[in-house]
Amino acid sequence: MMPVSRLQWWLLVAGGHTLTVLFFLGWFALARFFPPPSPELSAEQITARYVEDRDGIRLGATLMFASFALWAGWGAVIIAWVWRRISGGRVLAIAMTISLTIAEMVGVLCAFFWAMAAFRPGEVGVDITMTLNDAGWLMFVLPWPPWSFLCGCLAVAILRDRSEDPTFPRWVAYISLLTALLFVPAGLPLFFKGTEMAYDGALGMFVPFIVFFVWVESTTWAMGRRLETEDPDDPSIRSFPRSEEVLP
C-alpha cells in the first residue's frame, strides 16, 4: 500500500496534467477563446461575442479558476524538492515561491476579467465590455517576467544538482530555460494590434502559450517518474549534508 505522504505528493503532481485538461476545457471548449478576439475588433463586435457566448465564458472561467488552484499545489511540489535536495536551494525555493504567488494571481485575474466581461454584456456600455476583454487578454500575456523567473530558477536549481541521483533530469533544465526565453514575446501585444505580435497572433500569444503547457507537461512527467523510486519524506535522500554533518 502506498504511504500517505507519497500518495499526497502523487496527487499534487498529477494536478499538472489535471490543470492542463481543466484549462483547455474552459478556455477552448467552453469559452471558445480559440481564436482569441482580435484587438482590432470594434467595441460592438466584442460585446456581440460576449453576448453570444455568455454562458460558455462564465463556465469556462470557472474551470480556469479551478485549474489555477491546482497550479499552486503542483508548483509547491517543485519548490519543496528544490528546498530539500539542492545545495543552496532554499534561496531559490523562496524566490520561486514569490514568483509562483504572482503567477497564480495573474492567472486568476485573467479569468476574472473575462468572467466580468461576460457578466453583463449588452446591459452595460460596449466600451466597458471591450475594456474588460482587453484587460483579460493583456493580463494573460503581458506579465511574463514572473513566469520566466520561475522557470529560470528551476533551471538553475537542476543544473546545480551534482548528486549521483539528481531529482530532475537535466533536460528539464534546458526546457525550462527555453520556456523562460520564449515567454519574452508575450510582452509585445502591448505595442501591436492586428499583427502576429498582437494578443491574437502567433508570436504574441501562441508561442508563449504552447511552450508553457509543454513545460508543465514535461515537468509533470519527470516528477511522476521520480516518485516511482523516491519517498519524498525520506530524510536520507538529501543531496547535501546537514549543517551539523559538516562541523568539525
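Throughout, residue positions are numbered sequentially from 1 according to the sequence presented.
A search for salt bridge (Lys or Arg N to Asp or Glu O under 4.0 Å) contacts involving Asp134 returns nothing, not counting sequence neighbours. For Phe206, the ring pair (Phe, Tyr, Trp, His ring centres under 6.0 Å) criterion is met by Phe34, not counting sequence neighbours. For Glu52, the salt bridge (Lys or Arg N to Asp or Glu O under 4.0 Å) partners at least two apart in sequence or on another chain are Arg32. Every residue meeting the salt bridge (Lys or Arg N to Asp or Glu O under 4.0 Å) condition with Arg58, not counting sequence neighbours, appears here in chain and number order: Asp55. Every residue meeting the side chain to side chain contact (heavy atoms under 4.5 Å, CB included) condition with Leu190, not counting sequence neighbours, appears here in chain and number order: Leu142.
Scanning both residues, Cys151 and Phe183, for their nearest heavy atoms gives SG-CE1, 4.1 Å. Between Val77 and Met223, the shortest heavy-atom distance links the atoms CG1-SD, 4.0 Å. Closest approach of Ser148 to Ala180, counting heavy atoms only: OG-O, 2.8 Å. Annotation for Pro37 and Tyr199: closest pair O-CE1, 3.2 Å, computed over non-hydrogen atoms. Minimum heavy-atom separation, Pro146 to Pro143: CD-O, 3.3 Å. Contact record, Ala43 with Asp127: CB-OD1, 3.7 Å, taken as the closest heavy-atom pair.
Proximity of Phe33 to Phe140: side-chain heavy atoms (C-beta onward) are nowhere separated by under 4.5 Å. A 4.5 Å side-chain heavy-atom check between Ile46 and Val126 finds every atom pair outside the cut-off.
Remark: the backbone N or O of Pro166 is paired with a side-chain donor or acceptor of Arg226 at under 3.5 angstrom. Between the Glu196 side chain and the Leu203 main chain, no donor and acceptor come within less than 3.5 Å of each other. Without hydrogens or angle criteria, Ser67 side chain to Met64 main chain gives a donor-acceptor distance under 3.5 Å.
Taking the six-membered ring for Trp and the full ring otherwise, Phe168 and Trp81 have centroids separated by under 6.0 Å. Checked against the 6.0 Å centroid threshold, Trp144 and Trp147 do not count as a close aromatic pair.
Taken from CD in Glu104 to CG in Leu100, the straight-line distance is 6.5 Å, to the nearest 0.5 Å. Taken from OH in Tyr50 to CE in Met130, the straight-line distance is 12.0 Å, to the nearest 0.5 Å. From Leu138, atom CG reaches atom CG of Asn133 across 9.0 Å, with rounding to the nearest 0.5 Å. One distance of note links CG of Leu92 with OG of Ser99; it measures 10.5 Å at 0.5 Å rounding. Atom CD1 of Ile57 is separated from atom CZ of Arg49 by 7.0 Å, given to the nearest 0.5 angstrom. Taking CD1 from Ile78 and OG1 from Thr97, the interatomic distance works out to 11.0 Å, rounded to the nearest 0.5 Å.
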For this session: Apply side-chain contact (heavy atoms from CB on, under 4.5 Å) to Trp74 and Thr219, showing your working.
Result: CA-CA 10 Å; Trp74 178 84; Thr219 305; 3.9 Å; yes

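Follow the hydrophobic side-chain contacts under 4.5 Å out from Met205 and you reach Phe113 in the same cluster. Under a hydrophobic clustering in which Ile, Leu, Val, Met, Phe, Trp and Tyr are joined whenever their side-chain heavy atoms come within less than 4.5 Å, directly or via other members, Leu109 and Phe119 fall into different clusters. Val106 and Phe23 fall within the same hydrophobic cluster, defined by Ile, Leu, Val, Met, Phe, Trp and Tyr side-chain heavy atoms under 4.5 Å apart, directly or through other members. The same ILVMFWY cluster, assembled from side-chain heavy atoms under 4.5 Å apart, contains both Leu59 and Phe65. At a threshold of 4.5 Å between side-chain heavy atoms, the hydrophobic network of Ile, Leu, Val, Met, Phe, Trp and Tyr places Met105 and Met116 in two separate groups.
Around atom CZ of Phe68, more than 12 heavy atoms belonging to other residues, nucleotides or ligands sit under 6.0 Å away.
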Table please: side-chain donor-acceptor pairs of residues 209-217 below 3.5 Å, with sequence neighbours left out.
| unit_1 | atom_1 | unit_2 | atom_2 | d |
| --- | --- | --- | --- | --- |
| Trp215 | NE1 | Ser176 | OG | 3.0 |
| Glu217 | OE1 | His17 | ND1 | 2.6 |
| Glu217 | OE2 | His17 | ND1 | 3.4 |
| Glu217 | OE2 | Thr20 | OG1 | 2.8 |

